[in-house]
There are 2 protein chains.
Amino acid sequence: MGRPKTPLLSLDRMASAALEIVDSDGLDGLSMRRLATVLGVQVASLYNHVKNKDELLHEIGNQIMAQVDVTGFRDGDWRQGIATWARSYRAALRAHPNMVPFLATGPGRRETALARADAVHGGLVAAGWPPRQATLIGASTKYLVVGAAMTSFARGFDDDVQIYVDRYPHLGQAHRLRAHADEIDDESFELALQAFLDGLAQRFAELSKAADKR
Amino acid sequence: MGRPKTPLLSLDRMASAALEIVDSDGLDGLSMRRLATVLGVQVASLYNHVKNKDELLHEIGNQIMAQVDVTGFRDGDWRQGIATWARSYRAALRAHPNMVPFLATGPGRRETALARADAVHGGLVAAGWPPRQATLIGASTKYLVVGAAMTSFARGFDDDVQIYVDRYPHLGQAHRLRAHADEIDDESFELALQAFLDGLAQRFAELSKAADKR
DNA sequence: CTATGTTAGCGAACAGTGTTCGTTTGGAGG
DNA sequence: CCTCCAAACGAACACTGTTCGCTAACATAG
């Protein structure tokens, strides 16, 4: 058949279609052949635009990570900075729950993730945290977001609901439980975030006191 | 060939061998055919002891989760209880990093995980936390542990190290960085845990105050 | 103790998977 | 104009998880 007059494929089209498949049918639902079918093309053609399936997934991952907001440090408020970063990070993951297992595993290569991490680190240092503490705080916050994303909206929603069923037998209705599970997830995340920030605030205060004394 | 005089296979033997493969060669390294080869058996035989590959993985998961210690609530100290639970949980995951992505996704079916969760919940309530708060705290702590396990061991150690390389260019030695990455992971987790617990302690104090007032 | 049914092993096959190779053909650059 | 690159294709390879039918040993009932 040879090369077509107008290109049939592009990396963006591939990534978008692939993400749609993953969103609707899960990570396992995405196969190169199926993606090719959706794009009206043969499977081998995909490899002209992408070296690997992995590379394709990373491309999608970059698009998702680009949604994360790290502008909360603007006015020097580290607490607000972390909070908006964490919430926006979590929202980005929640928008594509099926991608979470991939996104959480081996994120190092994603340049956008690195950029975001640096922004956070810079914001914390600018706000007065020592560099090493800033690194730890950044990592800790990421733990929280990734952990929340993995355990709540990745994969088995029905299963997770079961936990709450056992805990609250009086809430028997299954269809109401889904909403309740969401609610509990939200509250748990907020509790974890706020308690963590409160704990940090204590440390920050001590840090400032020590600095004043010197 | 028919049935052998002495059984060649058992669920335990299968799970152990499978875990060894996963530990050494990753989740993708485990295939039913390879497992069969290691066990000196044909692949179809495996399905006499296990319905699915998934079921096999769940079996391994149960074994790992059984290592988690939830006895820290014994003397009514909720803070100690959560701390030992979280640390032991993290240690169990760290012992088998390649299993973490599976363990973190869809954990509802694992009965041992449920049992552990209930123990934690009970310990918190016994220590004076309201049931709903106990649920939130349990979920939050799990977020922390799972997130820490996912993002640190998550595959590409080289990649994760790169983050720290950019931040601490003076630590250039690659072989020392590996140790440093571990160190930073440990410290980040401890910081997150302690700060979180400090924040909870504040809330607990306010809770007690309000209860006294009534 | 014999008959019956269950179970653990095996061999072969099926439907999928990601990926590579060689070929054809359009478009871009010297 | 000729050459070289790149995009599409068809076919194949080496895998994957899983199922089927078969054999032979164990467990149990009569």
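A, B, ... follow the sequence lines: proteins, then strands. Residue 1 opens every chain.
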Work out which heavy atom in [X] is nearest to a heavy atom in [Y]; give both atom names and the distance.
| X | Y | answer |
| --- | --- | --- |
| B:Asn98 | B:Leu27 | O-CG, 3.4 Å |
| B:Asp198 | B:Arg79 | OD1-NH2, 2.7 Å |
| B:Ala18 | B:Ile60 | CB-CD1, 3.7 Å |
| B:Pro131 | B:His121 | O-NE2, 3.2 Å |
| A:Ile184 | B:Arg132 | CG1-NH2, 4.1 Å |
| A:Ile82 | A:Phe73 | N-CZ, 3.6 Å |

Defining pairs by Watson-Crick or G-U wobble geometry with both distances under 3.5 Å, how would you list the stems of DNA chain C with at least three pairs each?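 Stem segments, range with range: C:1-30 with D:1-30.
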Starting at the 5' end of DNA chain D, which residue's closest nucleotide do you reach first, A:Leu9 or B:Arg34?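 Closest to the 5' end, via its nearest nucleotide, is A:Leu9.
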D:dA6 OP1/OP2 closer than 4.0 Å to side-chain N/O of A:His49
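No.
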>> It should be established whether B:Lys5 places a side-chain nitrogen or oxygen under 4.0 Å from OP1 or OP2 of nucleotide D:dA25.
In response: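 Checking D:dA25 against B:Lys5, no side-chain N or O comes under 4.0 Å of OP1 or OP2.
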Integer-rounded Å distance: D:dT18 C1' and B:Leu57 CG: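 Result: 15 Å.
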How many whole angstroms separate atom NZ of B:Lys53 from atom C1' of D:dT16?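 In whole Å, D:dT16 C1' and B:Lys53 NZ are 8 Å from each other.
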Readout for nucleotides 9-14 of chain D: B = base within 4.0 Å of protein heavy atom, S = sugar-phosphate only, - = neither; 5' to 3' it is BB-B--
Over all strands shown, is B:Leu35 touching base, sugar-phosphate only, or nothing at heavy-atom distances under 4.0 angstrom?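 It contacts nothing in the nucleic acid.
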Any base atoms under 4.0 Å from A:Leu30, or only sugar-phosphate, or nothing? Heavy atoms, all strands.
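A:Leu30: backbone/sugar contact only, no base atoms under 4.0 Å.
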* Asked: Can you tell me if B:Arg116 uses its side chain to pair, donor with acceptor, with the backbone of B:Val68 under 3.5 Å?
  ->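 Yes.
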* Side-chain donor-acceptor pair present, B:His49, B:Ser10, cut-off under 3.5 Å ->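 No, no side-chain donor-acceptor contact under 3.5 Å.
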**OP:** Might you confirm whether atom CD of B:Glu55 has over 12 heavy atoms from other residues, nucleotides or ligands at distances under 6.0 Å?
**Re:**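 More than 12 heavy atoms, drawn from other residues, nucleotides or ligands, come within 6.0 Å of this atom.
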Please identify the 5'-most and 3'-most nucleotides of DNA chain C with any atom under 4.0 angstrom from a heavy atom of chain B.
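The contacted stretch runs from C:dT7 to C:dA13.
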Q) Could B:Arg94 and B:Asp186 be called an ion pair, given the rule that one side-chain N must be under 4.0 Å from one carboxylate O? A)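 Salt bridge: yes.
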- Task: Please assess B:Gln194 against A:Arg203 for the test side-chain contact (heavy atoms from CB on, under 4.5 Å), listing each intermediate value before the final yes or no.
- Result: CA-CA 11 Å; B:Gln194 292 300 336; A:Arg203 282 161 176 72; 3.3 Å; yes
